[in-house]
Amino acid sequence: MHDVKYLLENYDLAAARLESRGYTDLGWLAELAEKRRVMVGQRDGLRGDQKKVSDSFKLPGTTPEMREELRERSKAIGLQIDAMTAELEAIEADLENRLMYVPNLPDELTPVGPDESGNVVARAWGTPRQLPFKALEHWELGEKLNILDFERARKISGARYVIYRGAGARLERALAAFMLDIHTTEHGYTEILPPFLVLEQCMRGTGQLPKFREEAYVATDEMFLIPTAEVPVTNMHREEILDAKDLPLKYAAYSACFRREAGSYGRDVKGMTRVHQFQKVELVKFTTPETSEEEHQKLTADAERILQRLELPYRVMELCSGDIGFSAARCFDLEVWLPGQQAFREISSCSNFKDFQARRAGIRYRPAPGEKPRFVHTINGSGLAVGRTVIAILENYQQEDGSIVVPTALRPYMGGLEVIR
RNA sequence: GGAGAGAUGGCCGAGUGGCCGAAGGCGCUCGCCUGCUAAGCGAGUGUAGGUCAAAAGCCUACCGUGGGUUCAAAUCCCACUCUCUCCGCCA
């Protein structure tokens, strides 16, 4: 959510930034905000009047007749206040509602571009493997080895699910443990295992709602299945005032993620590139505004380290204004090389939300004792999406006979297994 | 699921209709004192909105949430949520 004052005081700049990401309609803001401002003043004035009348009851020498008159006057004022409050509440609800649909301002560092085509390669690591035989795609490998079962997953849950079996399940578990171990012991993150069902206000806090309701699974009791651990972990500190000396807070959370993938019919239908449930290790940081840029870079590097340890070639894409997510101000995608698909595919998305989520979720910090609280900056990124890492390993480490060499770094987590066959 | 107790500021805790944005304590900040440390003394210390060029000041709201009663609600009434204790059930 935005600071209305900031938007109004920097209107031209803000409108231009929003336009660079496709949001062109901000005309309603000034009028609504002004209407609200005037009405708040009037309402508060009336309340003040009513308080003065009430105070008169206590004055010595107030006769019963005078009391009766005071009562009448106070009631009359009360009626005016009620009418005004109803109108004001409608205006505030309207303002709030519209504001919730305004995406974040792209950062000044974010390249301007219309869509995906405007993204720029920030850097690359490793050499995309070209195998000396016909490389298979992950679903072919998975089914051949009987470690991924799409057929039975369809039977029990429908399209876009997967069952991991045997060494496949072990590989997924090993990767999650491997990632968490590196982030907690080498990168200084605190491990979190959050609830996978959250209240609606959490989804609003991180920006999934109200705009992207059709993307979310809703359980009974108005609970939402989390689309990413970003939601519960960011909201852990909702409505809190953090201590400056505790910042940056760094969390690494493993969770299942649930996505309806509405509107992606026909895309990535084969295999498990795009499924309704996948597992992910998510990195989340709470920082001061001064350090968020640096912490964002570091978080991205922390995610990259996993790919490097697994010796998986990748490139880092800096997303342009037309392609960054609703809540993000700046975003780097990590794209891993897949020899089977002969393409780079997203395996992590690392975003700096600045104070956009913090404002929605009420997450602040006190810079120093006695000073006013300020909104923190939130940053998060996948470190990494586990399922897609399985895909990358299958495709990159496949051998001509269809077996899979286990990356060296992962072998301790696989009970010493060197080859999946 | 049943019975009972509770929810007040960064924390603890008082407050049963107006004198309460809220006693007292802790913590924190500044100052004094003390040749170190500790103790002691004094002052200050919630959030948001509005007003103002800005600050000071002033106004308004906020005592779990939402309604209600009343001229007036932290305080009375109703509903809900959450927490704690005991019982039941359960991984």
Side-chain angles (χ1 to χ4, degrees), chain A residues 1-11 29-100 193-205 219-224 232 235-247 249 256 286 288 355 358-376:
Chain A
M1 189 154 67
H2 290 284
D3 177 3
V4 173
K5 263 189 196 157
Y6 176 85
L7 287 185
L8 289 176
E9 284 167 10
N10 305 276
Y11 190 85
L29 182 68
E31 191 190 341
L32 261 183
E34 176 61 14
K35 228 166 152 183
R36 177 193 162 274
R37 191 187 65 79
V38 169
M39 290 196 71
V40 165
Q42 290 176 349
R43 196 237 356 229
D44 285 356
L46 283 172
R47 278 188 181 154
D49 293 345
Q50 193 180 39
K51 273 184 104 162
K52 285 197 195 81
V53 174
S54 278
D55 286 341
S56 308
F57 277 81
K58 302 172 282 192
L59 295 176
T62 311
T63 64
E65 298 79 54
M66 291 162 75
R67 281 175 199 276
E68 193 48 46
E69 196 212 309
L70 288 171
R71 232 187 295 279
E72 291 307 319
R73 268 172 56 193
S74 179
K75 272 190 168 169
I77 297 171
L79 287 175
Q80 285 186 64
I81 294 175
D82 286 348
M84 187 153 280
T85 300
E87 200 180 332
L88 183 58
E89 275 173 0
I91 288 170
E92 287 187 326
D94 189 19
L95 186 61
E96 161 94 5
N97 185 50
R98 287 170 187 264
L99 226 38
M100 289 295 271
L193 207 172
F196 296 175
L197 285 159
V198 296
L199 300 168
E200 171 162 357
Q201 44 203 321
C202 294
M203 296 286 279
R204 300 182 79 87
T220 52
D221 306 321
E222 294 166 65
M223 300 292 289
F224 289 80
N235 280 282
M236 284 200 305
H237 295 297
R238 182 153 48 83
E239 305 298 334
E240 288 187 16
I241 299 174
L242 303 167
D243 204 324
K245 68 174 188 292
D246 296 332
L247 300 180
L249 287 169
F286 299 79
T288 62
D355 64 3
R359 201 177 290 281
R360 287 184 164 224
I363 309 167
R364 295 174 293 175
Y365 76 103
R366 201 180 295 282
E371 284 188 40
K372 285 213 163 292
R374 300 170 69 196
F375 288 107
V376 300

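Lettering follows sequence order; numbering is per chain, from 1. Note: hydrogens, waters and symmetry copies are ignored here, and every other heavy atom, side chains too, is used.
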Using the C1' atom as the reference point in each nucleotide, state the distance between B:A56 and B:U69 in Å, no decimals. 40 Å

Atom-pair distance (CE on A:Met84; P on B:U60), nearest Å: 16 Å

Taking the minimum atom-to-atom distance to the side chain of A:Lys372, which one of B:U47, B:A61, B:C71 wins? B:U47

Can you check whether A:Glu68 reaches A:Glu65 side chain to side chain, under 4.5 Å on heavy atoms? no

What does A:Val53 touch in the nucleic acid at a heavy-atom separation under 4.0 angstrom: a base, only the sugar-phosphate, or nothing? nothing

B:C11 C1' sits how many Å from A:Ile241 CD1, rounded? 13 Å

With respect to the phosphate group of B:G50, does any side-chain polar atom (N or O) of A:Lys5 fall under 4.0 Å of OP1 or OP2? yes

Given the C1' atoms of B:G10 and B:U47, what is the spacing between them in whole Å? 12 Å

Nearest 0.5 Å please: distance from the CD atom of A:Gln80 over to the OG1 atom of A:Thr85. 11.0 Å

Please determine if a side-chain N or O atom of A:Lys52 lies less than 4.0 Å away from the OP1 or OP2 oxygen of B:C59. no

Lys/Arg N to Asp/Glu carboxylate O, A:Glu9 vs A:Lys5, below 4.0 Å: no

Determine: side-chain N/O of A:Lys51 to OP1/OP2 of B:A61, distance under 4.0 Å, yes or no. yes

Base-paired stretches in RNA chain B with three or more consecutive Watson-Crick or G-U pairs, both distances under 3.5 Å, amount to B:1-7 with B:81-87, B:10-12 with B:24-26, B:27-32 with B:40-45, B:46-51 with B:57-62, B:64-68 with B:76-80

Compare side-chain N and O positions of A:Arg366 against OP1 and OP2 of B:U47 and report whether any pair is under 4.0 Å apart. yes

Side-chain N,O (A:Arg364) to OP1/OP2 (B:A48) below 4.0 Å: yes

